[in-house]
Chemist: 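Questions regarding the structure given below will be posed in turn.
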Amino acid sequence: MIVNFIAVLLLIQPSLPLGSKTRHFKWEVGYVFRSPDCLERPVMGINGQFPGPTIRAEAGDTLHVELTNKLTTEGVVIHWHGIRQFGTPWADGTASISQCVINPEETFVYRFKVDKAGTYFYHGHYGMQRAAGLYGSLIVDVAEGEKEPFDYDGEFSLLLSDWWHQSVQEQEAGLSSVPFRWIGDPQSLLMNGRGQYNCSLASSFAVAGSNVTTGQGGPCRFLGHEDCAPQILSVLSNRTYRLRLASATSLHSLNFAVASHKLVVVEADGNYVQPFAVDDLDIYSGESYSVLLTTDQNPAANYFISAGVRGRQSNTTQALTILNYKPNPPLKSPTSPPPITPRWDDFDRSRQFSLKIRALVGRSPKPPRKSDRRIVLLNTQNTVDGVVRWSINNISLALPATPYLGSIKYRLKHAFDGAPPPETFPENYNITRPPANLNSTIGNRVYQLRLNSTVDVVLQNANAMNENNSEIHPWHLHGHDFWVLGYGEGRFAAAEAEKHFNLDDPPSKNTAVVYPYGWTAVRFVADNPGVWAFHCHVESHLHMGMGSVFAEGVHRVGRIPGEAIACGLTARMKLAAAEDEDGN
C-alpha cells in the first residue's frame, strides 16, 4: 500500500552539543492554536511553539530565562524538573512554594546553574498548566573535556505526554465539583507534541502478517494537519544511538518499545545506572531515561516505535512513530506490527523493571547507612465538605497565598499553619479497605528538616474510596535526588523492610513510583537550603491535594528577589518591614 501522507513527516536528525557558559533565553508564554493529534485546539506554547523550545546546555552552565506572561487571565510559573537549584531556590518555579505566580504582562527572570549532565525537562507548575501543553525538553551535556561512561554515534530526544480535548479549566472545575467529575482518559498520547486521534498510524501502512488491532479509525491523513505528523527517527545501520526519554504526562504511566530492537538503559533521572538490556521499559510521569539502541536489524526494513498506557485501564491508543533505516524511504511500510504494550495491571512486571535499576558504581555516591529521621506518608482518597480530595496522613494540601520561601525566611506570621504535620499514620489503619472515615482536612503545614540531616521517607499506598482500587502514584522531589532503598507490598514494617534495603548501589532519582497496596522507601540528605515540594506527579492528584512540603536551612538562603515572594501590596509591605528587621 502506498501511504498517502504527503511529504510532511519530519525526520529528526541526531543533535549535536553546543558550547558556551551562559545561555540567554527570552520567552513569552501564551495560547496558540495547534493540532497535536490532528484536531485543532488551543494549547499553551512558548514563543508560539508547542512543545516549548528545547534547551541544550553543558554541566556547569548558567541559564538565564526571561519569561513574560502573555496569558490574559492566568498566572504562570515554570519548574525546571530535575534541576536541583543549589543556591537559587527561588528559581525552582513552584507557585506558592518558591515564588509568586507571574501575573499577565509581568516578566520574571529565572537564572540558575545546571550542575549535572542528564536528561531533564521543564513544565508549568501552577494549576494544571502542564496538561494544557506547557512543557519542553532540557538536555544537559557533560562539561567540556568530560566523557560519558558509554559511547554512541548520535542521539534523539522524545518527550512523551498525554492530551485531552477538554480544556484544563473544564478539568479543574470537574475535579472540584459536587458530584465529582473525573477528567477521564486522554484522547491521545503524544511524542514530541505529536499524536493521532481517531486514526491509526499503523493502519496507514500495509503491515505484513499483522493480525493485531492497530488502533481507532482508519489511515491517518496529515494534509492540513502537519503539526500532528509523526517525527520519524532516521538512522544508519550498525550504529548505536542514544534515545533520551522524558515523561511529561499528566495522568498516564507509559511503556516504551522499539519493534525488534533491544534497549540498554544507561541513565535514570539524570544519574548513570548499571547498563541492562530490556525489550521495553515503563516510564512514569516525571521520570526520564537514556537508552542505547543498536541498529542491528534488517536494514531493508523500517520499524515501529510505540508508547502505550500502563498502570491504569485506559481506552487511549498507543502513540506511534517510525524508526527509519536509511536509505529506505521514511514512508516505507514496516514489515512487522507495532510492539504490544504489556497488560496495564501486570505490576509484577513493573516491579521487576524497577528493581533492575541500580547506580553505576563509582559515578554516584552511596547513601548514608542510617537516617536521622523517618517520615511515613500515607496517601488516601477522602472528601472535604463533599469534594473529593487526595490526602497525605489525612491532610489535603492547599498552598498558601504567600510563598513559603519568603514567609519562612522573613518570619512572616500567620502565612501558613505552623503546626508540625503528622510523621506517620495510625497503627490500626487498614490499607486494603476504603477509609473508614472519609472526611479529611485542608492544610498547608510544612515538614521542617534539620539542615544536612539524613531523611527517610516511606510512601505508603492504600485503597481509594472505591472497593478494590489502589492507584499507582509517581512521586517527585524538588531540590534533591534521593536514593530508592526498596519497594514492598502491603503495609510498611520497618524491622522487616530494613533487612532488604539496598544500601550498596541504590539508584539516585528524583521521581519514584509507589505501586498499588505497596510502599516505596527513599533516603536523601537535606543539604539544599530552601523550601521544596514533594508530590504525586499525576497532575489531577496534586491538584486534589496529594503533596507535601519540606523546608531546610531557609535561614541560610541569601537575598531572595522581591518579585519572587512579595505577592500583593500587603505582602510587599510585610516583606519590607521584615527585611528591615532582619538587616538584609
Chemist: Drop me the distance from Met191's CE to Gln318's CD, to the nearest 0.5 angstrom.
Modeler: 8.5 Å

Chemist: Kindly indicate, with the supporting measurements, whether the criterion side-chain contact (heavy atoms from CB on, under 4.5 Å) is fulfilled by Trp163 and Val43.
Modeler: CA-CA 10 Å; Trp163 182 248; Val43 305; 3.1 Å; yes

Chemist: Is it the case that Ser364 and Ser508 place a side-chain donor and acceptor less than 3.5 Å from each other?
Modeler: yes

Chemist: Measure the CD-CG distance between Glu267 and Leu292 for me, rounded to the nearest 0.5 Å.
Modeler: 10.0 Å

Chemist: Give a yes-or-no answer on whether the side chains of His541 and Glu471 include a donor-acceptor pair shorter than 3.5 Å.
Modeler: yes

Chemist: Tell me if the aromatic rings of His480 and Phe482 count as close, with their centers under 6.0 Å from one another.
Modeler: no

Chemist: Between Asp346 and Arg351 (salt bridge meaning N to carboxylate O under 4.0 Å), is one present in this structure?
Modeler: no

Chemist: Please examine the side chains of Leu254 and Glu287, heavy atoms only from C-beta on, and report whether any two atoms are closer than 4.5 Å.
Modeler: no

Chemist: Any donor-acceptor pair under 3.5 Å linking the side chain of Ser288 with the backbone of Tyr120?
Modeler: no

Chemist: Quick check for you: to the nearest 0.5 Å, what is the distance between Ser285 atom OG and His476 atom NE2?
Modeler: 9.5 Å

Chemist: So does Arg373 have more than 12 non-hydrogen atoms from other groups sitting under 6.0 Å from CZ?
Modeler: yes

Chemist: Evaluate the side-chain hydrogen bond (donor to acceptor under 3.5 Å, both in side chains) criterion for residues Gln129 and Glu74: first the C-alpha distance (whole Å), next the side-chain angles of each, then the deciding distance (0.1 Å), finally the verdict.
Modeler: CA-CA 10 Å; Gln129 291 180 343; Glu74 300 175 61; 3.2 Å; yes

Chemist: Side-chain contact test, heavy atoms from C-beta onward, threshold under 4.5 Å: evaluate it for Ser98 versus Val531 and give yes or no.
Modeler: no

Chemist: For a salt bridge (charged side-chain N to carboxylate O under 4.0 Å, His left out) with Asp282, tell me which candidate from Arg343, Lys356, Arg310 qualifies.
Modeler: Arg310

Chemist: Passes side-chain contact (heavy atoms from CB on, under 4.5 Å), Asp527 versus Phe86? Steps please.
Modeler: CA-CA 9 Å; Asp527 58 358; Phe86 283 115; 4.2 Å; yes

Chemist: Give me the atom names and distance for the closest heavy-atom approach of Leu377 to Trp475.
Modeler: CD1-CZ3, 4.4 Å

Chemist: Out of Lys370, Arg374, Arg369, which one pairs with Glu498 under the salt bridge (charged side-chain N to carboxylate O under 4.0 Å, His left out) rule?
Modeler: Arg374

Chemist: State whether the side chain of Asn393 and the backbone N or O of Pro422 hold a donor-acceptor pair below 3.5 Å, judged by distance alone.
Modeler: yes

Chemist: Flag yes if more than 12 heavy atoms outside Tyr289 fall under 6.0 Å of its OH atom; otherwise flag no.
Modeler: yes

Chemist: Nearest heavy-atom pair of Asp37 and Gln187: which atoms, and what distance?
Modeler: OD2-CB, 4.2 Å

Chemist: Fit a plane to each ring of His535 and His478, take the angle between them on a 0 to 90° scale, and name the class: parallel (under 30°), tilted (30 to 60°) or perpendicular (over 60°).
Modeler: tilted

Chemist: Passes side-chain contact (heavy atoms from CB on, under 4.5 Å), Ile78 versus Leu134? Steps please.
Modeler: CA-CA 8 Å; Ile78 296 281; Leu134 187 53; 3.9 Å; yes

Chemist: At their closest point, which heavy atom of Pro435 faces which heavy atom of Met465, and how far apart are they?
Modeler: CD-CA, 4.3 Å

Chemist: Backbone N or O of Phe492 within a donor-acceptor pair of the Gln460 side chain at under 3.5 Å?
Modeler: yes

Chemist: Would you indicate whether the side-chain heavy atoms of Val457 and Tyr447 approach each other to under 4.5 Å?
Modeler: no

Chemist: To the nearest 0.5 Å, how far apart are CZ in Arg41 and CD in Gln166?
Modeler: 9.0 Å

Chemist: With a 3.5 Å distance limit and no angle check, can you tell me whether Thr316 reaches the backbone of Pro186 through a side-chain donor-acceptor pair?
Modeler: yes

Chemist: Closest heavy-atom contact between Pro368 and Thr454?
Modeler: CG-OG1, 3.5 Å

Chemist: Step by step, work out the side-chain contact (heavy atoms from CB on, under 4.5 Å) result for Trp90 and Leu405.
Modeler: CA-CA 7 Å; Trp90 53 84; Leu405 183 63; 3.9 Å; yes

Chemist: Does one side chain, of Tyr429 or Thr380, offer a donor that lies under 3.5 Å from an acceptor on the other?
Modeler: no

Chemist: Between Asn255 (side chain) and Ser306 (backbone), is there a donor-acceptor pair under 3.5 Å?
Modeler: no

Chemist: For Arg84, run the side-chain hydrogen bond (donor to acceptor under 3.5 Å, both in side chains) check against Asp92, Asp115, Asn528 and tell me which one passes.
Modeler: Asp115

Chemist: Are any of the side-chain heavy atoms of Leu503 and Leu485 separated by less than 4.5 Å?
Modeler: yes

Chemist: May I ask you to check whether over 12 heavy atoms, not counting those of Arg363, lie within 6.0 Å of atom CZ?
Modeler: yes

Chemist: Which of these, Leu281, Val266, Val278, sits in a side-chain contact (heavy atoms from CB on, under 4.5 Å) with Val291?
Modeler: Leu281

Chemist: Kindly say whether Trp519 contributes a backbone atom to a donor-acceptor pair with the side chain of Arg491 at under 3.5 angstrom?
Modeler: no

Chemist: When you compare the side chain of Arg450 with that of Val455, does any pair of heavy atoms fall below 4.5 Å?
Modeler: no

Chemist: Given 3.5 Å as the limit, does a donor-acceptor pair link the side chain of Glu423 with the main chain of Ile375, or not?
Modeler: no

Chemist: Ignoring hydrogens and geometry, is there a side-chain-to-backbone donor-acceptor pair from Asn192 to Ser157 under 3.5 Å?
Modeler: yes

Chemist: Report yes if the side chains of Ser336 and Ser260 come closer than 4.5 Å at any heavy-atom pair, otherwise no.
Modeler: yes

Chemist: Answer whether the closest heavy-atom distance between the side chains of Ser250 and Ser161 falls below 4.5 Å.
Modeler: no

Chemist: Hey, is CG on Asp385 packed in by over 12 heavy atoms from elsewhere, all under 6.0 Å?
Modeler: no

Chemist: Any salt bridge linking Glu170 with Arg181? Criterion: basic side-chain nitrogen under 4.0 Å from a carboxylate oxygen.
Modeler: no

Chemist: Got a second to check how far Leu39's CG is from Cys199's SG, nearest 0.5 Å?
Modeler: 11.0 Å

Chemist: Does Trp483 use its side chain to pair, donor to acceptor, with the backbone of Pro365 at less than 3.5 Å?
Modeler: yes

Chemist: Of all the heavy-atom pairs spanning Asn461 and Tyr517, show the shortest one and how long it is.
Modeler: CB-N, 3.9 Å

Chemist: Which value, rounded to the nearest 0.5 Å, describes the distance between Phe353 atom CZ and Asp348 atom CG?
Modeler: 15.5 Å

Chemist: Compare all side-chain heavy atoms of Pro434 with those of Asn463 and state whether any distance is below 4.5 angstrom.
Modeler: yes

Chemist: Between Tyr404 and Phe416, is the ring centre distance below 6.0 Å?
Modeler: yes

Chemist: Kindly give the heavy-atom pair with the smallest separation between Ala551 and Val446, and that separation in Å.
Modeler: CB-CG1, 3.6 Å

Chemist: His81 vs His123 aromatic rings, parallel, tilted or perpendicular, using cut-offs 30° and 60°?
Modeler: tilted

Chemist: What verdict does the side-chain hydrogen bond (donor to acceptor under 3.5 Å, both in side chains) test give for Ser314 and His252, after you've listed the backbone C-alpha separation in whole Å, the side-chain angles of each residue and the deciding distance to 0.1 Å?
Modeler: CA-CA 9 Å; Ser314 174; His252 278 324; 3.1 Å; yes

Chemist: Look at the side chain of Glu172 and the backbone N and O of Met128, then say whether any donor-acceptor pair between them is shorter than 3.5 Å.
Modeler: yes

